[in-house]
There are 2 protein chains.
Amino acid sequence: MSNYDRSRTIVTTHEKGDRVPTAPAARTLDHPEPGEITLEGVLHALSDPMRLQIVRFLWPLEQDEEAPCSAIDLAITKSTTTHHFRVLREAGVIRQVYRGTAKMNALRRGDLDALFPGLLDAILTADAARRGREDRLARSPA
Amino acid sequence: MSNYDRSRTIVTTHEKGDRVPTAPAARTLDHPEPGEITLEGVLHALSDPMRLQIVRFLWPLEQDEEAPCSAIDLAITKSTTTHHFRVLREAGVIRQVYRGTAKMNALRRGDLDALFPGLLDAILTADAARRGREDRLARSPA
DNA sequence: ACGTTCATACGATAAACGACGTACTACGAT
DNA sequence: ATCGTAGTACGTCGTTTATCGTATGAACGT
């Protein structure tokens with residue numbers, strides 16, 4: 001289940017002579033190959049309000065521009081945030097990479113557009129339109 | 001297939017007085033108003049393989065053309081089929097109406113296109129492309 | 001060495017989900 | 001009246017999900 005690279009974390013037992021975590025070997029994260037990305041998986045990943053909010057945040061960024069997890073203000077705890085980012089990554093929607101102490105996130109726009117042309121834009125445009133409607137409703141006299 | 005006789009459709013409300021006991025107020029089904037349809041709900045409804053298969057079946061039909069539940073051959077039992085159709089209906093993806101002993105289904109194409117322009121086509125085109133890829137892979141020499 | 005910051009792992013929990021079987025209803029035809 | 005067909009209601013079962021809290025780890029400054 002966890003794609004976290006445990007090659008080094010396992011070593012909590014400093015048994016003196018066994019694997020010592022002297023070579024951090026840059027934490028890596030598993031991402032699905034384009035061929036492993038499924039439409040159902042992507043749709044499911046985007047069917048959660050929090051995750052949609054994350055993608056909405058990432059969407060306007062330049063191609064491959066990255067943002068740390070903490071850049072997005074979600075009304076959930078940090079551990080739940082981690083969970084949602086992982087779901088998005090495992091579905092192939094975002095790419096995550098460690099940069100120092102932060103974990104940067106970027107939409108896998110190229111891969112998704114190649115696999116499902118127009119899908120991402122249709123979803124996010126639809127979402128933007130929906131939000132526009134709701135805002136207008138909220139502002140209109142009751 | 002698709003030649004359903006609509007000549008005896010609507011008339012469940014008999015003129016005579018009010019609700020005639022023989023006509024138990026024509027079973028009706030609740031559908032969300034366009035304003036109640038959410039993007040998350042639609043995405044969630046379409047993120048299941050069986051439901052995607054249902055929509056894929058309904059998609060090529062003419063505008064508002066209907067098909068009974070039984071027209072689609074799903075590898076699940078009847079009760080599970082009922083469940084999936086209900087999820088689609090409650091998400092606003094399809095419209096269901098009783099016609100005699102059958103329950104007819106149609107995509108709510110107009111409503112969906114108005115709310116989320118391009119979304120349905122993007123999803124189903126993406127799905128078709130994906131299936132094309134998989135078929136090619138399956139046929140290629142191992 | 002120490003503390004701060006960012007993010008994870010783990011464990012718990014309550015809810016939702018997908019699937020099933022059985023018993024049932026509604027409608028139309030025999 | 002009875003039967004078959006189409007679909008529902010309900011209860012169950014096992015899995016997944018979304019959320020949390022707490023403890024932990026990794027990188028960076030001081």
Side-chain angles (χ1 to χ4, degrees), chain A residues 1-14 20-30 40-41 44-54 66-91 96-105, chain B residues 4-5 8-9 11-12 20-30 40-41 44-54 66-91 96-105:
Chain A
M1 189 41 108
S2 83
N3 295 331
Y4 187 74
D5 180 4
R6 311 178 122 107
S7 59
R8 157 206 36 90
T9 37
I10 293 178
V11 195
T12 40
T13 57
H14 298 244
V20 183
T22 44
R27 294 174 285 175
T28 58
L29 295 156
D30 270 1
E40 288 90 343
H44 173 252
L46 297 181
S47 70
D48 178 275
M50 293 302 169
R51 292 194 290 262
L52 199 50
Q53 186 178 344
I54 293 172
E66 297 169 333
C69 296
S70 52
I72 305 155
D73 194 28
L74 297 171
I76 48 177
T77 64
K78 263 196 317 179
S79 49
T80 306
T81 302
T82 297
H83 161 69
H84 285 308
F85 272 101
R86 184 171 50 219
V87 172
L88 286 171
R89 173 169 48 82
E90 292 179 349
Q96 298 190 289
V97 62
Y98 286 102
R99 300 228 186 276
T101 171
K103 188 154 103 179
M104 306 302 280
N105 305 275
Chain B
Y4 186 76
D5 177 17
R8 80 224 131 76
T9 48
V11 195
T12 37
V20 184
T22 45
R27 293 173 286 174
T28 57
L29 296 157
D30 270 0
E40 288 91 342
H44 173 251
L46 297 181
S47 70
D48 179 274
M50 294 301 168
R51 293 195 289 263
L52 199 50
Q53 185 178 344
I54 293 173
E66 297 169 331
C69 296
S70 52
I72 305 156
D73 195 28
L74 296 171
I76 48 177
T77 64
K78 261 196 317 180
S79 49
T80 306
T81 303
T82 297
H83 160 70
H84 284 308
F85 273 101
R86 183 173 47 221
V87 171
L88 286 171
R89 171 170 49 81
E90 292 180 347
Q96 298 190 288
V97 61
Y98 285 102
R99 300 224 187 278
T101 171
K103 189 153 103 180
M104 306 303 281
N105 305 275

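Throughout, a chain's letter reflects where its sequence line sits, starting with A, and its residues are numbered from 1.
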In this structure, how many angstroms lie between the [atom2] atom of [N] and the [atom1] atom of [X], rounded?
X: A:Ile54; N: D:dA18; atom1: CD1; atom2: P; answer: 11 Å
X: A:Met50; N: D:dA18; atom1: CE; atom2: C1'; answer: 10 Å
X: A:Asp48; N: D:dT17; atom1: CG; atom2: P; answer: 11 Å
X: B:Gln53; N: C:dG18; atom1: CD; atom2: C1'; answer: 15 Å
X: A:Leu29; N: D:dA26; atom1: CG; atom2: C1'; answer: 13 Å
X: B:Glu40; N: D:dT17; atom1: CD; atom2: P; answer: 17 Å
X: A:Leu74; N: C:dA7; atom1: CG; atom2: C1'; answer: 14 Å
X: B:His44; N: C:dA15; atom1: NE2; atom2: P; answer: 17 Å

Problem - Interatomic distance, A:Thr28 atom OG1 to A:Tyr98 atom OH [nearest 0.5 angstrom] - result: 9.0 Å
[X] to [Y] - nearest heavy-atom pair and separation:
X: B:Glu40; Y: A:Asp48; result: CG-C, 4.3 Å
X: B:Ala45; Y: B:Arg51; result: O-NE, 2.7 Å
X: A:Ala91; Y: A:Gly41; result: CB-O, 3.7 Å
X: B:Leu46; Y: B:Leu88; result: CD2-CD2, 4.2 Å

Exercise for the section: Kindly say if B:Arg51 contacts the phosphate of C:dG18, meaning a side-chain N or O under 4.0 Å from OP1 or OP2. Expected result: yes
Handout entry: Closest to the A:Thr101 side chain, choosing from C:dT5, D:dG7, C:dA7
Key = C:dT5
Exercise for the section: Could you please name the option among D:dA6, C:dA7, D:dA18 that lies closest to any side-chain atom of B:Ala102? Expected result: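 Shortest atom-to-atom distance from the side chain points to D:dA6.
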Practice task
Could I get the full list of side chain to side chain contact (heavy atoms under 4.5 Å, CB included) partners for B:Ser79, not counting sequence neighbours?
Solution key: B:Thr77
Practice task
Would you please name every residue forming a side chain to side chain contact (heavy atoms under 4.5 Å, CB included) with B:Ala67, sequence neighbours left out?
Solution key: B:Phe57, B:Leu58, B:Leu61, B:Ala71
Practice task
Please list residues of residues 76-86 of chain B whose heavy atoms come under 4.0 Å from any atom in DNA chain C, ordered by number; otherwise none.
Solution key: B:Ile76, B:Thr77, B:Ser79, B:Thr80, B:His83, B:His84
Exercise for the section: Using heavy atoms to find the nearest nucleotide of DNA chain D for A:Arg99 and A:Ser47 separately, return the residue whose nucleotide is more 5′. Expected result: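 Nearest nucleotide further toward 5': that of A:Ser47.
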